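Nothing here was measured: the structure is a model prediction, and the numbers come from that model. So you know, we letter chains A, B, ... as the sequences are listed, proteins then strands, and number each from 1. Every heavy atom of this structure was used, including side-chain atoms; hydrogens, water molecules and symmetry mates were not.
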Protein chains: 2
Amino acid sequence: MSTPRSPRPTLAGVARLAGVSPSTASLAFSGSGPVSDATRERVLAAAETLGYAGPDPRAQSLRRGRSGIVGVVIEDRIRDAFRDPVTVQMLDGLSEEIGSIGASLLLIPDTGEGPADVGTAPMDAAVLIGCTPRLAESLAILSRRGIPTVAIEADPGLGDVGVSLDNRQATRRGAEHLRSLGHTMVALVVLPLSADRSRSPLTAEAERAGTSHVARERILGARDVYPDAPGVVTAGSFMEEGRLAGLQLLARPEDRPTAVIAQSDLLAAGVVRAAEELGIAVPQQLSVLGFDGVRVDGIAPYDLTTLVQPAVPKGRAAGAAVVALLTGADAPSVAFESVLHLGNTTAPPAAR
Amino acid sequence: MSTPRSPRPTLAGVARLAGVSPSTASLAFSGSGPVSDATRERVLAAAETLGYAGPDPRAQSLRRGRSGIVGVVIEDRIRDAFRDPVTVQMLDGLSEEIGSIGASLLLIPDTGEGPADVGTAPMDAAVLIGCTPRLAESLAILSRRGIPTVAIEADPGLGDVGVSLDNRQATRRGAEHLRSLGHTMVALVVLPLSADRSRSPLTAEAERAGTSHVARERILGARDVYPDAPGVVTAGSFMEEGRLAGLQLLARPEDRPTAVIAQSDLLAAGVVRAAEELGIAVPQQLSVLGFDGVRVDGIAPYDLTTLVQPAVPKGRAAGAAVVALLTGADAPSVAFESVLHLGNTTAPPAAR
DNA sequence: TAGCCTAGTCGAATCGATTCGATCGAATCG
DNA sequence: CGATTCGATCGAATCGATTCGACTAGGCTA
């Protein structure tokens, strides 16, 4: 009659109804202390009566000093970040791993302006994916906030823990494969080198000015074998970009390469399509090498020769590092290796 | 000397150093009250000295009763959910819209078991994407927690606000287009009908047992025009699935359809590829109709005839609904309409 | 010069749970 | 049978900020 019932029941209310103290009620819910079965059931029954849905996570995270949230800093537009299957697979591995401690992922688009989420979002740890533009700034903010960070394929040394891939070495291995087949005229199809994503020829200048660690390393690996290979910089890791690059590289028969090293499978698939369009047989007249080893949707019946990187394990490793950082365990950086998968898109160059 | 400096500075510490009360310091940070410039600067300087990175979001959300987090309930595996470009685009629109109130997205994989995140994750509101299997249960949990929900393309009536699409009508319009071109032998390539995703012929039984609202509606739309069209149920919205379905449908020349209604652009693109492989010319010998109108990567130079749905606006609408729910404004359900885009993958059937 | 208003600041209560140490009764042990 | 121990429960402090009402000077009006 007199008590105006509060909109949401609280643990205190449940405790009162059950005739126990709030501390006991808390114990009954968390199961982390000795509580008699009778009491626990009384508390649970009271909760049922009141429609109490469990402890408020906000209060929990204040008191516990932990929110169960891991931030993932991605480039500004979700739709761009998630078009890359490797990113998605990593996220999947990451989610799986941190799920084991009951944490979940908060998406933090790293737009320069706006409500600077990197600075204000609640999280226990953050994972940064190497390709974000403002990586260093974001890291600075996070470190000031005292939030541990894991950096995936960023420049070495960034973040509390790094997860890296043998981009250069792997590409070199792929290039060596092409060389061993006898290719001498090889062209590169390169991932975006910097934040302003625009299509352009791969010039020495563009190469120097590039900020994408991954793209640079993969160029270097190719250059280890083919120091003078020309190339095209794309505007993103999409089949369509690969196709455009392919059309451009294959346009003039007189200086047409006999092999293309693409920096991603999507780009490679696009090059294959361009070749199809131009009536160039793959692999007889053109070899195409990819990178990633994701099941590219829509390239069947080809089986891309590519450098298979362990995308899901990479994500899992990042997740494990997060868990380690949060539990105070040792969190060593990890380096992953790619494996050359020999598909049917590479072959010796056509005899001329 | 005597005060063991606490690991992380707090607002109270900053206030003490600045010689003001905590309340004033809070005002200085949030800017929501009258504070003299001199004081504000003193507080900011003190924060700088102490390395204070701003109010703790955990405490803020407890006090404010709001966390700035919007949950997105997706199917269990991130890598599956995000392979669908429509989902990703919706997410993008959603993120954009809720970003306007400084909220960000928490990914909640809806696995049946495990730490039931739907029940424990902190969030101010939740968005459910229609295709999740345990939709009803999740909604029940959320409602008990008092968390407002927005359901995208779920069965009508679910969630506090619904965002829907004219799946049936749109498909009907597409089918009518095919009929007007003169097609009589039409086959369907259908999205997964239920949680157990397996390839199978589209039987009346499978159709009845289906739980996917979207797939069912799109079938009904096609049936409005072609009541007896045969079909194939795929295991997911992927090109490869479309290709497999296409190979199957087009295998025997004697009962080969002259047109295929695919329930997504990816499936449609796969059907086109299958036709290419079999030497069937599109659109001369086979018309293909898609759904979604996403820029399918890797289908160029075709321009798919498809029902363009406003994916990003759908996400934005969901975001706007969330904002409305949180600000107490009116949050009406929204229905979106698709537009038939006439590309170059449909044409009159070949004269025989 | 009395009266009033306003900008600036402060105190104290509050958000909802967790957790440590204390308490109390009963059971066990010698 | 007294002392010890253990299990169950409770009190009270605490996590870190926000916010409402109260209070104090000045400045302004009449």
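When heavy atoms are screened at a 4.0 angstrom cut-off, A:Thr39 is found touching the sugar-phosphate backbone but no base atom.
Residues in residues 48-71 of chain B take part in these ring pair (Phe, Tyr, Trp, His ring centres under 6.0 Å) pairs, two or more places apart or across chains: B:Phe29-B:Tyr52. The side chain to side chain donor-acceptor pair (under 3.5 Å) analysis of residues 314-331 of chain A, with sequence neighbours excluded, yields the pairs A:Glu96-A:Arg316, A:Glu153-A:Lys314, A:Gln309-A:Lys314. Pairs of residues two or more places apart, or lying in two chains, that qualify as salt bridge (charged side-chain N to carboxylate O under 4.0 Å, His left out) and include a residue from residues 26-50 of chain B are A:Arg144-B:Glu48. The salt bridge (charged side-chain N to carboxylate O under 4.0 Å, His left out) pairs that include a residue from residues 61-73 of chain A number zero, where partners must be two or more places apart or lie in different chains.
A 4.0 Å heavy-atom criterion places the boundary nucleotides of DNA chain C facing chain A at C:dG16 to C:dT19, written 5' to 3'.
For B:Ser194, the side-chain contact (heavy atoms from CB on, under 4.5 Å) partners two or more places apart in sequence, or in a different chain, are B:Asp196, B:Thr211. The side-chain contact (heavy atoms from CB on, under 4.5 Å) test applied to A:Ala151 returns A:Ala154, not counting sequence neighbours. Taking A:Ser333 as the reference, A:Val161 meet the side-chain contact (heavy atoms from CB on, under 4.5 Å) condition, with sequence neighbours excluded. B:Ala12 is linked by a side-chain contact (heavy atoms from CB on, under 4.5 Å) to B:Thr10, B:Arg16, counting only residues two or more places apart in sequence or in another chain. Residues forming a salt bridge (Lys or Arg N to Asp or Glu O under 4.0 Å) with B:Asp56 (at least two apart in sequence, or on another chain): B:Arg58.
Fit an axis to the five pairs at each end of the helix from C:dT1-D:dA30 to C:dG30-D:dC1 and the two axes sit 40° apart, to the nearest 10 degrees.
Scanning residues 19-29 of chain B for heavy-atom distances under 4.0 Å to DNA chain C yields B:Gly19, B:Val20, B:Ser21, B:Ser23, B:Thr24.
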